[in-house]
Amino acid sequence: MASVACSLVLGRGFSCAKTPTRSPIACLRLSRAVSCKMRNRHLSSQQKRQQFKRAPTERLSLNMNAQSHDNIGCEPEEASSAGVSHSSQITIPSNDAESDSNSETDVAVSSFEETNMVIENNDEQEHPSIHLEDLIATIRNAEKIEELDKILSEKEALQAEINNLEMKLAETDARIKVAAQEKINAELLENQLEKLKTEISSRNSIEEGKHGTLDDESPLVLELNDLRKENALLKDDIQMLKLKLADVSKTEERLPLLEKRHSLLEASLMELQSQLSNAQDDVSRLASLRYECKALLDKVENLQALFNDASRVMDQPTLGLQQYHELQKKVDKIEALVTEATVSKFPSENFHHYDETLREKIELLEKQLWESDQEIHSQIQLFQESVREFHDALERLKEEIEKRSQELSLENLPQEFWSRLLLIIDGWLLEKKISVNDAKLLREMTWKKDAQIRDAYLASRSKSEHEKLATFLKLTYSRTSPGMHIIHIAAEMAPVAKVGGLGDVISGLGKALQRKGHLVEIVLPKYDCMQYDLITDMKALDVVVESYFDGQLFRNKIWVGIIEGLPVYFIEPHHPAKFFWRGKYYGEYDDFKRFSFFSRAAVELLYQAGKKPDIIHCHDWQTAFVAPLYWDIYAAKGFNSARICFTCHNFEYQGTVPASELASCGLDVHQLNRPDRMRDHSADDKVNTVKGAIVFSNIVTTVSPTYSQEVRTVEGGRGLHETLKSHSKKFIGILNGIDTDAWNPSTDNYISVQYSADDLQGKAENKDAIRKCLKLSRSEGSQPLVGCITRLVPQKGVHLIRHAIYCALELGGQFVLLGSSPVPHIQREFEDIANHFQSHSHVRLLLKYDDALSHLIYAASDMFIIPSMFEPCGLTQMIAMRYGSVPIVRKTGGLNDSVFDVDDNTIPEQYQNGFTFVAPDEQGLSSAMERAFQHYIRSPESWQQLVQKDMRLDFSWDSSASQYEELYERSVARARAAARV
Ligand code: ADP
C-alpha cells in the first residue's frame with residue numbers, strides 16, 4: 001500500500017520512497033495539496049500567461065514548499081498513527097499475504113470456537129456467544145479488505161490519469177509560454193521591419209533624388225534583401241506559432257473539461273481515503289481481537305497442560321493402586337501358605353525357620369504396603385490439589401471470558417441496570433448496612449455509570465449479601481482511604497538484623513507497601529548484636545511500656561529509628577533474663593520465652609500507643625503468638641481495628657513446646673490446648689505456635705505457590721496439613737520478591753566493578769577479583785566459577801552441596817562456598833572439607849556469615865547451586881539471577897516457581913532461565929551440573945544471552961506486594977461489611 005500511494009506523488013517530484021516510514025495517508029494528502037495549487041494557477045488564461053513568465057522559478061519554489069510541507073505533514077502522522085503503518089502491512093495487496101492472513105483468520109476463528117467448546121464440554125455451561133459472533137463478524141468484515149484492494153487499484157489508475165493530464169497541462173503551459181514569447185518577438189520584428197521599410201523608402205526617395213536608381217550590388221540593397229529573407233522566415237515562424245496558438249486555444253477549451261474530471265477524481269479519491277481509513281480501523285480492531293484470541297488460546301493451552309499434568313499425577317496413584325493390589329494378592333497367598341503350613345503342623349526346625357522368614361517377608365511387605373499407601377495418599381492429595389487448581393484456573397478463565405463478553409455488551413447497559421443498583425444502595429442505607437458517606441459515594445459512582453461499580457455489581461451478583469457488601473465497601477474504601485496502616489511484628493529485618501530470608505522480606509515487602517502509599521511500621525526486638533550503624537535517628541523514647549509475663553508486669557524501654565526509610569520500634573525488655581542481650585538472634589535455650597515475651601510486649605506497645613492499624617502482620621513462630629493474643633486478650637479490651645495476617649516462611653519451625661509454657665505470655669492454656677486450636681498433633685500436652693496463628697489469623701500466607709501446595713501433604717505439612725486444609729480458604733502462597741535496590745549490580749558498592757546486563761565486562765572483572773582475593777587460580781578466564789551461599793542445614797541439601805564441590809572440580813570448574821551452620825556436626829564436617837581444600841587452586845570454603853562477601857560471590861560466579869531438599873521460597877536463586885549467575889536448583893517449593901530449565905521444551909523460551917533437577921540425589925545434581933557446564937563451554941554466546949536474560953528478569957517486590965495489598969484490602973472490607981450486617 002505504501003508503495004502504491006507514494007507512486008502517486010513521485011510524478012510530481014515528491015518522493016516518499018526516501019521516507020519509508022511515512023504513512024500512505026500522509027503521501028496522499030500531500031498529492032492533494034499540490035493538485036490544489038495547480039488548479040488555482042488556471043483561473044484565467046490572462047493570469048496564466050503572466051504566470052508562465054515566472055513559471056521556472058515559481059515551480060522550483062513550489063517544489064520546495066511542498067517538500068517542506070511533506071516533512072511537516074508526515075511527522076505527526078507517523079507519531080500519532082503507529083497503527084497506520086501496522087495496518088498498511090496487513091492490507092498489502094499481495095496474493096500470498098492475503099491468503100496467509102485469511103488462513104490465519106480461519107485458524108483464529110476455529111481455535112476460538114474450539115476454546116469455547118472446550119470450556120462448554122468441561123463445564124456443561126452456557127457461554128457467551130455474543131463475543132464469538134462479534135469476533136467472527138469482525139473477522140468477516142476484514143474480507144472487505146479484498147474489495148478495498150480493488151478500489152485502491154482503481155484509485156491508482158485514476159490518479160495515474162490525473163498525473164498524465166497534469167503533465168500534459170504543464171507541457172501545454174510551457175508551450176503557451178514559448179508561443180507567447182515568440183509572438184512578442186515576431187511583433188517586435190514586424191515593427192522593426194515596418195520601421196526599416198519606411199526608412200528604406202524615405203532613403204530611396206532621397207537617393208533617387210540625388211543619384212537616380214540604386215545599383216543591385218549596393219550594400220543597402222544587399223542588406224535590404226537579407227532583411228526581406230529574414231522577414232519571410234519570421235513570417236513563416238509567425239504562421240507556425242499561430243497554428244500552435246490555435247492548438248493551445250483548443251487545449252484551453254479542453255481545460256474546463258479536464259478540471260471537472262479532475263475534481264470528480266478528487267471526490268472519488270476522498271471517498272476512497274475515507275473507505276481506506278475505515279478499513280484500517282477494521283484491520284487494527286481485527287489485530288487486537290486476534291491478539292486477545294491468541295491470549296485466550298494460550299490460557300486454554302496452559303489449562304490443558306495443567307490438566308494433562310493432573311492426569312499424569314492421577315496415573316501415579318492408579319499405578320500405586322495396582323501395585324498395592326498385586327502386593328495384597330502376594331500377602332494373601334503367603335498368608336494362605338502360612339495357614340496351610342500351620343494346619344499341617346509340620347514339626348521341624350526347617351519349618352520354624354521357614355515360618356520366621358515368611359513372617360519377616362510379610363512384615364516387609366506390610367511395611368511396603370503401608371508406605372505405598374502413604375505414597376498413594378499423598379499423590380491423591382497432590383492430584384486433588386492440581387485438579388482444584390485446574391478448576392480455579394478454569395473458573396478464572398470463564399470469569400474473564402464472561403467479563404469480556406459483558407464488556408462488549410455493557411456499553412449499552414439499559415437504564416434499568418443503573419436504577420436497580422441505586423435502589424440496592426438505598427436499601428442498604430435504609431437498613432443501616434452502609435454509612436451515609438459510603439452510600440453517597442456509591443450513588444455518585446452509579447450516577448456517573450462508573451465501570452468499577454458496574455464490575456463490582458456484576459462480580460458479586462450471585463454472591464451472598466455479606467460478600468456483596470464487602471465488594472462494594474472495598475470500592476468506597478479504596479476511594480476514601482489514603483492507604484492502609486500496616487504494622488509488621490517480626491524477629492528479623494534486613495540489613496540490621498538478618499539471619500535468612502525473613503529479614504529480606506520484612507524490609508522488601510515493607511518498602512514496597514510503603515511505595516504503594518500505605519503507612520508501614522515495624523516492631524523488632526532490640527538485639528544487642530544488630531548493625532546499629534545502619535539505623536538512622538535511633539533514640540530511646542521517654543516512655544516505659546509495661547507488659548505481662550509469668551504473672552507480673554515488666555518494664556520495656558522503647559526505641560525508635562529508621563531502617564531503609566521505614567519507621568521501626570525496638571523493644572528492649574527490662575527482664576532479668578536479658579532476652580535480647582545474647583550476642584545472637586536465635587538458638588538460645590529459652591527462645592520460646594524470649595519471643596513469647598516480645599510478642600506480648602509488641603501488642604501491648606501498639607495498644608498503649610493508641611494505634612488503630614488496619615493490618616497487623618506477624619511472621620513465623622517467633623511472632624505467631626500475636627494472633628491468639630490479639631483476639632483472646634486485646635480485642636476484648638477494644639483494641640480491635642486490625643485484621644491479623646500471618647506468614648509462615650518455613651513450616652519446619654513451628655514453635656512446639658509443652659502446653660504449660662504458653663501461660664507465660666498470658667494465654668489461656670486450658671482454652672487453647674485443644675485439637676482445633678493450638679494443640680500439637682504429636683502429643684496432647686504440647687502446643688504449636690504456628691498452628692495457633694493459622695487458626696487465629698484472618699489471612700495466612702506462605703512464601704510460594706508450590707510450597708503452599710507441598711505443605712498441604714502429610715510430608716510437607718510437618719503435622720499441620722490437616723489444619724491448613726481446614727483453613728484453606730484463608731491460606732495462599734505468594735512468591736517473595738527481592739529488594740532490587742539492595743541487590744543491584746549496577747549500583748552495588750560491595751563489588752569490585754559495577755556492571756549491568758548491557759555491559760558484562762564488570763562481571764568478568766569481579767570474577768578475577770574474587771579469584772585473586774581468595775588465591776584461586778586465575779590462569780583460565782573462561783573456567784566456570786560455581787557459587788553457593790547458604791545456611792548449612794539439612795533443608796539446604798548439605799550432602800548435595802558437598803557433592804557439588806567435587807562435581808564442579810571434575811567438570812573443570814571452580815567452587816566457592818559461603819555458609820555457616822547452626823548444627824555442630826555439619827559445621828565440623830564442612831570445616832574438614834574447608835581444611836582439605838585450604839590451599840587448593842580451584843575450591844574455597846568460607847564458613848561464616850558475611851553479607852559483603854555474599855555480594856562479591858553473586859557478582860563473580862557464573863553458576864549458582866541450590867540443591868535444597870525443600871525450599872519454601874528461596875531468595876538466593878533470584879539474587880543470583882540479578883547478578884547474572886545462572887541457577888542450578890532442585891525443583892521444589894519456590895525454586896520450582898522461579899527457575900525454569902533451559903532444556904525443557906515444554907516451557908516457553910522466554911521463561912527458561914536455569915537448570916533444574918528433580919531427584920534429591922547426587923545423580924540428579926550431577927546431570928544438571930553437566931548440562932550447565934556443556935552449555936557454558938560449548939556455546940559462550942548463548943550463555944551470555946542467558947546471563948543477560950536472567951539479569952533482566954523482574955523479581956522485585958512490586959507484584960508480590962500488590963498481592964498482599966489485595967489480600968489486606970479484601971480482609972479489611974470484609975470486616976467492615978461484617979460489622980454492619
Ligand atoms: P533461608 O531464609 O532459608 O536461609 P533464603 O534463600 O530465603 O534462605 O535467604 C537467604 C538469605 O541469606 C540470602 O539473602 C542470602 O544471601 C543470605 N545468606 C545466607 N547465608 C549467608 C552467609 N553465610 N553470608 C551472607 N549471607 C548469607
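Atoms within each ligand, like the ligands themselves, are counted from 1 in listed order. Positions are given from 1, in the same order as the sequence printed here. If you're wondering where the values come from, they're calculated on a predicted model, not measured in any experiment.
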Contact table ligand 1 N or O to protein N or O, d under 3.5 Å:
unit_1: ligand 1; atom_1: 2 (O); unit_2: Gly501; atom_2: N; d: 2.6
unit_1: ligand 1; atom_1: 3 (O); unit_2: Arg791; atom_2: NH2; d: 2.9
unit_1: ligand 1; atom_1: 3 (O); unit_2: Lys796; atom_2: NZ; d: 2.8
unit_1: ligand 1; atom_1: 4 (O); unit_2: Arg791; atom_2: NE; d: 2.7
unit_1: ligand 1; atom_1: 6 (O); unit_2: Leu875; atom_2: N; d: 2.8
unit_1: ligand 1; atom_1: 6 (O); unit_2: Thr876; atom_2: N; d: 3.4
unit_1: ligand 1; atom_1: 7 (O); unit_2: Leu875; atom_2: N; d: 3.4
unit_1: ligand 1; atom_1: 8 (O); unit_2: Lys796; atom_2: NZ; d: 3.0
unit_1: ligand 1; atom_1: 9 (O); unit_2: Gly501; atom_2: N; d: 3.4
unit_1: ligand 1; atom_1: 14 (O); unit_2: Lys498; atom_2: NZ; d: 2.9
unit_1: ligand 1; atom_1: 14 (O); unit_2: Asp504; atom_2: OD2; d: 3.2
unit_1: ligand 1; atom_1: 16 (O); unit_2: Tyr858; atom_2: OH; d: 2.8
unit_1: ligand 1; atom_1: 23 (N); unit_2: Lys848; atom_2: O; d: 2.9
unit_1: ligand 1; atom_1: 24 (N); unit_2: Asp850; atom_2: N; d: 3.0

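- Aromatic ring orientation, Phe579 versus Phe597: tilted (interplanar angle from 30° to 60°).
- The aromatic rings of Phe651 and Phe731 stand perpendicular to each other, their planes meeting at an angle above 60°, with 30° marking the opposite boundary.
- Defined by atom type and a distance below 3.5 Å, a donor-acceptor pair is present between the side-chain atoms of Ser926 and His803.
- Taking the six-membered ring where the residue is Trp, Trp743 and Tyr858 present perpendicular rings, their angle passing 60° and hence far from 30°.
- Note: Phe598 and Phe580 have perpendicular aromatic rings, judged against thresholds of 30 and 60 degrees for the angle between ring planes.
- Formation of a donor-acceptor pair under 3.5 Å by the Trp957 side chain with backbone atoms of Gly737 is found in this model.
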